[in-house]
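Input: a single structure, listed below in structure tokens.
When a ligand or atom number is given, it counts from 1 through the structure's own listing order.
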Amino acid sequence: MDASAPTIAARNFDAEFDADGVAPALLDWYDRHARVLPWRAAPGTQAQDFGSNWPYRVWLSEVMLQQTTVAAVIPYFTEFTRRWPTIGALAAAEDGDVMAAWAGLGYYARARNLLACARAVAAAGGAFPDSEDGLRGLPGLGAYTAAAVAAIAFGRRAVVVDANVERVVSRLFAIGEPLPGARTAIRTATDTITPEARAGDFAQAMMDLGSSICVPRSPRCLLCPLSAQCRAGRSGMPEAYPVKAAKKARPERRGRAFWIERDGSVWLVRRPDKGMLGGMRALPDDGWNARADGAASPPIDGQWRSAGAVAHGFTHFSLTLELMVHSRVEGREMGADGEWWPIARIAEAGLPTVFARAAQLALADPGTREGGGRHEHR
Ligand code: SF4
């Protein structure tokens, strides 16, 4: 175990802050409390001591952890490394097999990047670059992943800032600037406390501290190894950090969805691949989007009446979606851009939430159920 005192590279961020005291206190805590994880070397050891395959495991875990929790990642990591124990094995895998194994871990774009990266490393001889800059050149490796792999797999000093570290550091230094603007200050502050020695352990210790002690709500300051240094902890208001920018009022949009029912089926369309809820099955609508209310006419002529409205919050706007029900549908000719879907199986249509709630409105609507939509049984 490397017991040498870590040295601090940058000291001019906050002269009054005890930057030198952070790494020794944190590493001492990590030596006793580090989580045991399948991709992790024991505290105080260099990950590459475990063989040339270790960077592969560190990289794989970091890519998986970008989207989900440690507990959720462990079975995926175990299965991936069982099926593809080396970077070469993963590089040679069928795309479809990797995509299927990734299901449940979030965006498939990351799985595609994972394969592209594995193939790039395999094509270059099978060894990962051992510097942050070299790692940045690989497909899908952003600033965070490159820094984390450089530090954890290769022991390089790198400033590793994930969401946990962001929270811990903004509290340690009581950084009053709101996120996301505070990210530069948080990174600079993290730089001042990152040691030259044991940089990988330091990064993992910060992550562990953020996940077990310096948690978002009710941080456990009494148990924290950094309580002597921590400004937010001393202030008695650690939860005030990181400061969040006041939320901008979300624009309010209005739109209409159209319920066209015939013979126990409802007309559903496939949304365009590009744009909101792209490629998903939905009720036809009037073209509402994040920037404008809907304005398009109903897909067929006839008498329409309102069956109520649902409110739905999207990330960048709020939508009030009014459900319009057709009073009498004759014939089943609707054009090529949709399908008649059995109402009894509406739950299997995979409707996005806002349309699923609009559909519930129609199903609960007495006018629709009692013949307002002229549901004719033959
Ligand atoms: S003292 Fe409290 S707020 Fe400060 S780092 Fe520790 S747990 Fe977080």
Qualifying residue, where the test is side-chain contact (heavy atoms from CB on, under 4.5 Å) with Leu283 and the options are Leu323, Leu321, Val269: Leu323
Qualifying residue, where the test is side-chain contact (heavy atoms from CB on, under 4.5 Å) with Thr81 and the options are Leu60, Thr86, Leu90: Leu60
Under 2.8 Å from atom 8 (Fe) of ligand 1, is there an N/O/S atom belonging to Cys221? no
Using a strict 4.0 Å cut-off to heavy atoms of Cys230, name the atoms of ligand 1 that fall inside it. 1 (S), 3 (S), 4 (Fe), 5 (S)
Provide the number and element of each atom of ligand 1 under 4.0 Å from a heavy atom of Arg171. 3 (S)
So does Cys214 have any N/O/S atom less than 2.8 Å away from atom 6 (Fe) of ligand 1? no
For Gln66 and Thr145, which I'm curious about, is there any donor-acceptor pair between the side chains at under 3.5 Å? yes
Please say which of Arg253, Arg254, Arg256 ends up in a salt bridge (Lys or Arg N to Asp or Glu O under 4.0 Å) with Asp286. Arg256
Verify the ring-centre separation between Phe77 and Phe80: is it less than 6.0 angstrom? no
Measure from atom 7 (S) of ligand 1 to every heavy atom in Ala240, Cys224, Ser235, Pro238 and give the option owning the shortest one. Cys224
